[in-house]
Every structure is written in structure tokens, then in C-alpha cells.
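First the structure, in the form of C-alpha cells, and then the observations on it.
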Amino acid sequence: MSSVSDRLPAFPWDKLEPYKKTAAAHPGGIVDLSVGTPVDPVPELIQKALVDAADSPGYPTVWGTPALRDAITGWVERRLGARDVTHHHVLPVVGSKELVAWLPTQLGLGPGDKVAFPRLAYPTYEVGARLARAEYEAYEDPTELDPAGLKLLWLNSPSNPTGKVLSKADLTRIVAWAREHGVLVVSDECYLELGWEADPVSVLHPDVNGGSYDGLVAVHSLSKRSNLAGYRAAFLAGDPAVLGPLLQIRKHGGMMTSAPTQAAVVAALGDDEHVRVQRERYAARRTALREALLGHGFRIEHSEASLYLWATRDESCWTTVAHLADRGILVAPGDFYGPAGDHFVRVAMTATDERIQTAADRLKA
């Protein structure tokens, strides 16, 4: 009998190791722009909330404290423009990657069912389908998919890796199509608060969904907006008919966010100022990197939101990776995110101001 690991693709990041060694050998050290992991401090008010909740000897609940559910519903209404959101419309999760990887399984999908995701996409959408033994398909326009057997449609706006943002009109059209065909839409919106040249819209907005959450779930994370990747803090919001059964399954599986993390999330969602400060940091880094890449002969496509620049020199992504590694800069090859990315690289803005400036200086030299 084959093991579960046999269902999974080769772990792509291992292929980057030789280039990482090359970049690390640079006299000024490596500038690692390959992974979107936050490097700035966790805001003090969030750290304080975590510490204040450190004496938590009992088991936390999967659904979260009432205070956490209040914080999520309040944020969803205030920030996303959603209306009439109750505790039954929300569900905390242990970081968004866990949710993406296991959602098809938790939805009961399997052989004969199909999962669809963008042709340039976070690899974990495919991993989730594989873990459930479901079929999967990458799309350019989801409304051109054959809806037969399609049970889960992933949207990702702003996109990882490209930073592309789906317009309100596109979202409205896709939601209408999915509802017509009885397809569940799960919208990964983890970069929604990081729009630069576009103002990303949630599927939870009434202009998109007509005031109904039927067949819709949005995924949100605090990893990027609040520097909480180390806390594993995320949540779902949307259709109670989907979230209710998921809650029961996750109770059985013990998928609970730690009590101190729950308290930290309450503080994070209640404060907009730290998000504004972090946005300003990323905006400055984005400007420095973008200008340096353009000056070095790159073309940048999309990238109107998120924490990445989707850049190309119209050559194999691995040739570009090697070119930058020789300058001590490590980036992610575009083919990690699908064959359509084979001439692009993803350049993350998640490095310190000093390292970003170092990369910009090396590109200008």
C-alpha cells in the first residue's frame, strides 16, 4: 500500500539549495527574498495580550472564545464591508496553510471529486487535493471550467505569487457562476490588506455576493498584516452551512488555536494602527526593490498587491535565479507556482530595510 507521502509532489524548495549556497557566499552575505516570512517585530500590544494570557492551563475551544469570535465578526464587518455577520459565520483555524492543505479532506472530498485553483498558485492548493485523493485542475478563468464533479473552487486575490487582484466585477461574475453550478467557492484573501495599486475586495462584500453568504467562504490570516506567522493565527468567514460541519470535524480532530494565541488575535484585530505602520514599511521596501529591478532590466507584471514582485527577464526562471544568486540575492523560481511561471521569479519584500537596500544597491551596481 502506498504511503500518504507518495501522493505528494517533490518538495520544490530543495531545488533552491545550491543557489542559496551561491548567494550565501557573496562577500556582503545573502539577501533572502525567496520566502514571504515576516521579519519585523510583533507589535507590543499583541505581545502583551499573549503574555497576559500565558497562564492558560485548560484546553482552548476549537470555535474560540466569545471575545475572539466578536473580534473576527467585528473586523469582517469593519474592514471587508460584510453585513450581518454572526458567530456562526466565523471559525478560527491554526494558520491558513493547515486549512488549505486539509480542507478538501475535511469537506469529505475524494476520488471523482474535483478541486480547481489558479494556474499560477500557492502549491498547497494542489497538495490539499492530492491528500484527499481528489482530482484537480488549474484554470485561467474559472467560469470556463467544466462544473461536472467540481466541488471546491479556490480563488486567490490578491494572488500569491503574482499579486494580481480580481476586480469586484470579476468576483461577482465568478460567484454567480459557481452558485449556478452548486460549486463551493473558497477565497484565499490573506493579502487583502496589502493592496498597492488596487483596492482588493472580499467575496464577503455585499456588492459581490448580493447580501448572501451561501456557498462562500473567505480565508484570512494574521501572518502578514500583523507579523504573526509564528503564532499560527487565521480564520474563516462565510457560509454557516459549511463552517458548522467543519467546526464539528475540527473538534474531533483537536484542531484548536492555543488560548494565548486567541487572546493575541483579539488584540490584533482590534487595532488598525499597527497594520498601517507595517504597510508603510512594506510600501517603502516595494518601491526600492521595484525601481532596482526595473533598472536592472526586469519587467514586472501584476504585483498590484501582496508582498511580492512578479518579475521576468524573458528567460528561464532558473537562469534568473542563478543570475541573482551570483549577486547574493535569492528569489523563488516562478515554476514553483505552476508551469505558466517558468519565465518569472517571485521577489519577496519580507526582509529588513537594510537587506532590501543591499539588494537594491547590488542590482544597481
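Please read these numbers as outputs of a predicted model, since none were measured by experiment.
- Of the options L80, T73, L204, a side-chain contact (heavy atoms from CB on, under 4.5 Å) to V85 is made by T73 and by none of the others.
- The two residues Y308 and G36 have their closest heavy-atom pair at OH-CA, 3.5 Å.
- With N156 contributing its side chain and P158 its backbone, the two residues share a donor-acceptor pair below 3.5 Å.
- Side-chain contact between V94 and M256 is absent, with no heavy atoms from C-beta onward closer than 4.5 Å.
- At a threshold of 4.5 Å between side-chain heavy atoms, the hydrophobic network of Ile, Leu, Val, Met, Phe, Trp and Tyr places Y122 and F336 in two separate groups.
- Here the OG atom belonging to S34 is positioned 13.5 Å from the OH atom belonging to Y19, to the nearest 0.5 angstrom.
- T312 places a side-chain N or O within 3.5 Å of a backbone atom of D314 that can act as its donor or acceptor partner.
- Residue-environment remark: NE2 (H88) stays at or below the threshold of 12 foreign heavy atoms within 6.0 Å.
- A donor-acceptor pair is defined here as one N or O able to donate and one able to accept, closer than 3.5 Å; such a pair exists between the side chain of T350 and the backbone of V35.
- Of the possible donor and acceptor atoms, one in the side chain of H296 sits under 3.5 Å from a partner among the backbone N and O of L363.
- Considering CH2 of W177 and CG of D141, their distance stands at 9.0 Å, rounded to 0.5 Å.
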Would you sort out whether R119 and E137 count as a salt bridge (charged side-chain N to carboxylate O under 4.0 Å, His left out), showing the intermediate values?
CA-CA 8 Å; R119 71 185 185 110; E137 183 176 352; over 6 Å; no
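- Note: I249 CD1 to T105 OG1 = 10.0 Å, rounded to the nearest 0.5 Å.
- In terms of the salt bridge (charged side-chain N to carboxylate O under 4.0 Å, His left out) criterion, E77 has no residue partners (sequence neighbours excluded).
- A continuous path of Ile, Leu, Val, Met, Phe, Trp and Tyr side chains, each step under 4.5 Å between heavy atoms, connects L324 with I30, placing both in one hydrophobic cluster.
- Two residues are said to be in side-chain contact when any heavy atoms from C-beta on lie closer than 4.5 Å; L145 and L153 meet this criterion.
- Here D113 contributes atom CG and L107 contributes atom CG; the two are 10.0 Å apart, rounded to the nearest 0.5 Å.
- Between D214 and R179, no side-chain nitrogen of the basic residue sits less than 4.0 Å from a carboxylate oxygen of the acidic one, so the salt-bridge criterion is not met.
- Under the 3.5 Å distance criterion, with hydrogens and angles disregarded, no donor-acceptor pair is assigned to the side chains of Q262 and T257.
- Minimum interatomic distance between L166 and S157 (heavy atoms only, all atoms of both residues): N-OG, 2.8 Å.
- Salt bridge K168/D199: absent, no basic N to carboxylate O contact under 4.0 Å.
- The backbone N or O of L33 lies less than 3.5 Å from no partner atom in the side chain of R355, so there is not a single donor-acceptor pair.
- Taken from CG in L91 to CD1 in I72, the straight-line distance is 8.0 Å, to the nearest 0.5 Å.
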Show me the donor-acceptor pairs within less than 3.5 Å that the side chains of residues 44-53 make with the rest of the protein, sequence neighbours left out.
from : atom 1 : to  : atom 2 : distance (Å)
Q47  : NE2    : V42 : O      : 2.8
K48  : NZ     : D52 : OD2    : 2.8

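- A donor-acceptor pair shorter than 3.5 Å can be found between the side chains of D335 and W318.
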Take D188 and L155 through the side-chain contact (heavy atoms from CB on, under 4.5 Å) test and state the conclusion after the steps.
CA-CA 6 Å; D188 180 345; L155 302 183; over 6 Å; no
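- The two atoms that bring A23 and I329 nearest to each other are CB-N, 4.1 Å, heavy atoms only.
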Salt bridge (charged side-chain N to carboxylate O under 4.0 Å, His left out) assessment of R79 paired with E193:
CA-CA 9 Å; R79 180 62 185 85; E193 293 202 274; 3.1 Å; yes
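- Between L192 and H220, the closest side-chain pair of non-hydrogen atoms falls below 4.5 Å.
- Using a cut-off of 4.0 Å between Lys/Arg side-chain N and Asp/Glu carboxylate O, E17 and K21 are scored as not salt-bridged.
- Residues N160 and R346 have side chains that bring a donor and an acceptor to within less than 3.5 angstrom of each other.
- Judged purely by distance below 3.5 Å, without hydrogens or angles, the side chains of H89 and T86 pair a donor atom with an acceptor atom.
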The test is salt bridge (charged side-chain N to carboxylate O under 4.0 Å, His left out); show your working for D353 and R281 and say whether it passes.
CA-CA 8 Å; D353 293 344; R281 287 190 187 118; over 6 Å; no
Are T65 and T61 close enough, and set up right, to give a side-chain contact (heavy atoms from CB on, under 4.5 Å), and what steps lead you there?
CA-CA 7 Å; T65 61; T61 65; 5.6 Å; no
For a side-chain hydrogen bond (donor to acceptor under 3.5 Å, both in side chains) check, start with the C-alpha distance between H274 and S226, then their side-chain angles and the critical distance, and finish with the verdict.
CA-CA 7 Å; H274 78 276; S226 299; 2.8 Å; yes
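- Taking both residues in full, the closest heavy atoms of P104 and V100 are given as CD-O, 3.7 Å, listed atom of the first, atom of the second, then distance.
- C317 approaches P333 most closely through the heavy-atom pair SG-CB, 3.8 Å.
- With no hydrogens or angles considered, a side-chain donor-acceptor pair links Q357 and D361 at under 3.5 Å.
- Within 6.0 Å of the CH2 atom in W75, the count of heavy atoms belonging to other residues, nucleotides or ligands exceeds 12.
- Dense packing is recorded around NZ of K114, with more than 12 heavy atoms of other residues, nucleotides or ligands lying under 6.0 Å away.
- R313 places no side-chain N or O within 3.5 Å of a backbone atom of F298 that could act as its donor or acceptor partner.
- Formation of a donor-acceptor pair under 3.5 Å by the E197 side chain with backbone atoms of A305 is not found in this model.
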Side-chain atoms of residues 230-241: list all donor-acceptor pairs with protein atoms under 3.5 Å, sequence neighbours left out, distances to 0.1 Å.
from : atom 1 : to   : atom 2 : distance (Å)
R232 : NH1    : A229 : O      : 2.9
D239 : OD1    : A241 : N      : 2.9
D239 : OD2    : G215 : N      : 2.8

Stepwise salt bridge (charged side-chain N to carboxylate O under 4.0 Å, His left out) check, K151 with E135:
CA-CA 10 Å; K151 298 296 177 64; E135 299 170 16; over 6 Å; no
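- In summary, the side chains of D70 and H87 do present a donor paired with an acceptor at a separation below 3.5 Å, with no hydrogens or angles considered.
- With hydrogens and angles left out, the side-chain atoms of E291 and T287 include no donor and acceptor closer than 3.5 Å.
- Side chain of R225 to backbone of A268: a donor-acceptor contact under 3.5 angstrom is found.
- To the nearest 0.5 angstrom, Y282 atom OH is 4.5 Å from Q278 atom CD.
- Nearest approach of T124 to K97, heavy atoms of both residues: OG1-CE, 3.5 Å.
- Looking at E315 and T320, their side chains do bring a donor and an acceptor atom within 3.5 Å of each other.
- For the pairing with Y125, the ring pair (Phe, Tyr, Trp, His ring centres under 6.0 Å) check across Y136, Y337, W154 returns one residue only, W154.
- By the 6.0 Å contact criterion, CG on D14 is enclosed, its count of non-hydrogen atoms from other residues, nucleotides or ligands being greater than 12.
- The backbone N or O of G81 sits less than 3.5 Å from a side-chain atom of R83, completing a donor-acceptor pair.
- A donor-acceptor distance shorter than 3.5 angstrom exists from the side chain of W63 to the backbone of V90, with no hydrogens or angles considered.
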